[in-house]
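Here is the structure we will look at.
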Amino acid sequence: MFPINKIRKDFPILSRKVHGKPLVYLDNGATSQTPIQVIDVIVDYYSNYNANIHRGVHTLSQEATDKYEEARHKIQAHFNAKHAHEIIMTSGTTESINLVAHGFASLLKEGDEIIVSALEHHSNIVPWQMLCEKTGAILKVIPMNDAGELVLEEFNKLLSEKTKLVFVNHISNALGTINPIKEIIKKTHQVGAAVLVDGAQACPHLKPDVQALDVDFYVASAHKMCGPTGVGMLYGKEAWLKKLPPYQGGGEMIAEVTFEKTTYADLPHKFEAGTPNICGGIAFGAAIDYLNAIGLDNISKYEHELLEYATKKILEIEGLKIYGTSKNKTSVISFNLEGIHPYDVGTILDKMGIAVRTGHHCTQPIMDFYKIPGTVRASFAFYNTKEEVDVLVEGIKKAKMMLS
Ligand code: C6P
């Protein structure tokens with residue numbers, strides 16, 4: 001039995017009220033909530049060993065450095081990277097993607113092709129468009145079907161010796177579709193190109209093995225994995241990270257500086273200029289410990305039960321349409337009520353203490369595909385319950401009545 005009651009007690013925020021009603025937090029796709037075990041680590045850092053890292057010989061600095069590097073090793077183990085220096089600490093998924101895009105500017109030439117998928121978040125589209133503007137490379141798009149799945153036959157046709165890079169998310173934030181990344185990586189490598197997988201939405205639900213996937217780059221954000229905001233990771237194969245130039249110049253990323261010439265530090269520091277989010281990095285490690293103590297397999301099994309329960313109940317509401325109906329999906333339900341704007345539904349749900357996201361979810365091309373302005377998105381985490389699903393369903397019915 002999944003220990004849901006015990007787990008909920010770990011999250012102080014889940015016992016608060018919103019507009020006088022118990023909070024039903026179903027916006028986990030935007031950011032997850034933080035367990036007390038992670039909050040305690042943050043309080044401990046600022047109470048006991050707040051100091052800059054990799055710089056001082058004093059005790060506090062050494063303690064902070066040890067904990068920060070310990071967190072890097074936890075991330076390495078979690079993603080099964082071969083080396084700890086293949087884990088670059090960043091401010092999150094967006095920065096990780098921009099770091100790689102910046103690096104490829106010096107490796108691409110006019111006429112090279114890069115491929116993204118129709119299911120991408122804006123942060124996995126815009127940096128590549130900027131890269132194309134800079135280099136003259138051409139952006140191609142893997143199309144999607146009505147169920148919100150990628151059309152792999154079309155992907156096969158896009159691949160050629162001109163392809164240099166492919167970018168795809170592991171799980172779509174707007175629809176919940178789990179993409180067949182293993183197959184995409186294998187096919188891409190057959191033409192000699194590299195693959196970046198955006199794991200922002202996958203990492204709260206499953207445990208990617210970067211070596212088994214043979215992926216070139218994998219990126220994620222701590223705040224979607226029960227960690228704090230402002231910290232994330234980039235995994236890159238050692239050979240790629242050695243090939244890419246530094247992203248930002250500054251302290252910590254250098255070996256030697258003179259006014260004539262600067263040489264760069266070894267990995268991972270070459271990509272980590274300036275004082276990082278030290279506390280955030282340490283807390284990211286604690287969040288990974290927390291998720292692993294429950295077990296990602298147990299989490300995904302429980303969330304799948306919630307998804308099936310919620311899908312069945314929500315579909316009983318007349319005039320409601322779900323977007324994203326792939327069999328292979330995670331615990332996200334994106335929907336609209338016929339003739340009603342998603343924003344209005346979200347506002348009424350909020351008055352009942354129910355937090356959902358409304359709008360285009362930073363995926364305007366998906367909304368354009370369905371010819372809708374946006375959706376209401378309920379995204380469930382392992383600390384949600386079937387009772388909360390019931391509250392959501394009643395809330396949607398009420399919203400429908402009020403808005404029809
Ligand atoms: N999606 C959502 O509500 P950052 O902001 O850097 O931590 O993550 C960006 C990002 C990149 N890729 C995917 C697939 C994502 O889902 C997100 C963030 C949130 O869906 C906020 S827009």
Side-chain angles (χ1 to χ4, degrees), residues 25-34 75 88-102 116-130 141-142 144 148-150 166-179 181 184 195-206 208 215 217-235 247 276-277 280-281 283-284 287 323-324 326 329-335 342-343 346 349-350 355-367 374-381:
Y25 186 77
L26 303 177
D27 194 17
N28 297 287
T31 200
S32 55
Q33 293 304 342
T34 318
I75 298 167
I88 311 298
M89 306 291 271
T90 66
S91 67
T93 300
T94 302
E95 185 178 43
S96 301
I97 294 170
N98 277 279
L99 187 160
V100 177
H102 172 272
V116 295
S117 95
L119 291 175
E120 296 315 302
H121 185 279
H122 294 164
S123 67
N124 210 18
I125 299 174
V126 183
W128 310 119
Q129 286 174 325
M130 289 159 71
V141 182
I142 313 169
M144 60 185 274
E149 297 160 328
L150 295 178
V166 173
F167 310 106
V168 64
N169 60 42
H170 198 162
I171 293 181
S172 153
N173 67 314
L175 307 177
T177 315
I178 304 173
N179 289 315
I181 57 163
I184 290 173
V195 183
L196 180 143
V197 172
D198 171 354
Q201 293 293 336
C203 294
H205 308 291
L206 49 86
V215 67
F217 301 98
Y218 196 98
V219 299
S221 296
H223 72 93
K224 296 193 197 287
M225 304 168 65
C226 297
T229 53
V231 64
M233 53 77 75
L234 158 68
Y235 159 78
Y247 175 48
N277 182 349
F284 188 5
Y323 297 90
S326 174
K329 72 178 272 192
T330 190
S331 48
V332 169
I333 301 184
S334 243
F335 66 90
Y343 180 81
L349 290 178
D350 175 59
V356 291
R357 186 171 171 188
T358 61
H360 55 60
H361 315 299
C362 302
T363 56
Q364 283 182 352
I366 297 181
M367 302 302 133
T375 68
V376 182
R377 184 188 68 180
S379 48
F380 304 92

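Start at 1 and go down the list; that is how both ligands and their atoms are numbered.
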Counting heavy atoms only, which of Val332, Asp198, Val219 is nearest atom 12 (N) of ligand 1? Asp198
Taking only non-hydrogen atoms of Thr93 and a 4.0 Å limit, the atoms of ligand 1 in range are 6 (O), 8 (O), 11 (C)
Going by the side-chain contact (heavy atoms from CB on, under 4.5 Å) test, name the single residue among Val197, Val215, Val219, Thr330 that passes it with His170. Val197
I want to check something: taking the side chain as every heavy atom from C-beta on, are Met367 and Tyr323 in contact at a cut-off of under 4.5 Å? no
Just verifying a value: how many Å separate Cys226 SG and Phe284 CZ, rounded to the nearest 0.5 Å? 11.0 Å
Structural part of Glu120 in contact with ligand 1, heavy atom criterion under 4.0 angstrom: neither
What residue and heavy atom of the protein are closest to atom 11 (C) of ligand 1, and at what distance? Ser123 OG, 3.1 Å
Less than 4.5 Å apart, side chain to side chain, heavy atoms only: is that true for Thr93 and Ile97? yes
Do Leu150 and Val168 touch side chain to side chain, with heavy atoms closer than 4.5 Å? yes
Nearest heavy atom to atom 22 (S) of ligand 1, choosing from Arg357, His361, His360, Glu95, belongs to Arg357
Going by the atom numbers of ligand 1, which of them fall below 4.0 Å from some non-hydrogen atom of Cys362? 22 (S)
Protein residue, atom and distance nearest to atom 16 (O) of ligand 1, heavy-atom basis: Gln201 NE2, 2.7 Å
Using heavy-atom distances only, which candidate in Val231, Thr90, Asn173, Asn98 approaches atom 20 (O) of ligand 1 most closely? Asn173
I want to check something: taking the side chain as every heavy atom from C-beta on, are Arg377 and Asp27 in contact at a cut-off of under 4.5 Å? yes
Aromatic plane relationship, Trp128 with Phe167 - under 30° parallel, 30 to 60° tilted, over 60° perpendicular: parallel
Of Thr177, Leu119, Thr375, which meets side-chain contact (heavy atoms from CB on, under 4.5 Å) against Ile366? Leu119
Thr94 contact mode with ligand 1 (heavy-atom cut-off under 4.0 Å): both
Taking heavy atoms and a distance under 4.0 Å, where does Ser221 meet ligand 1: side chain, backbone, both or neither? side chain
Which residue from His121, His122, Lys224 reaches closest to atom 19 (C) of ligand 1 through any of its heavy atoms? Lys224
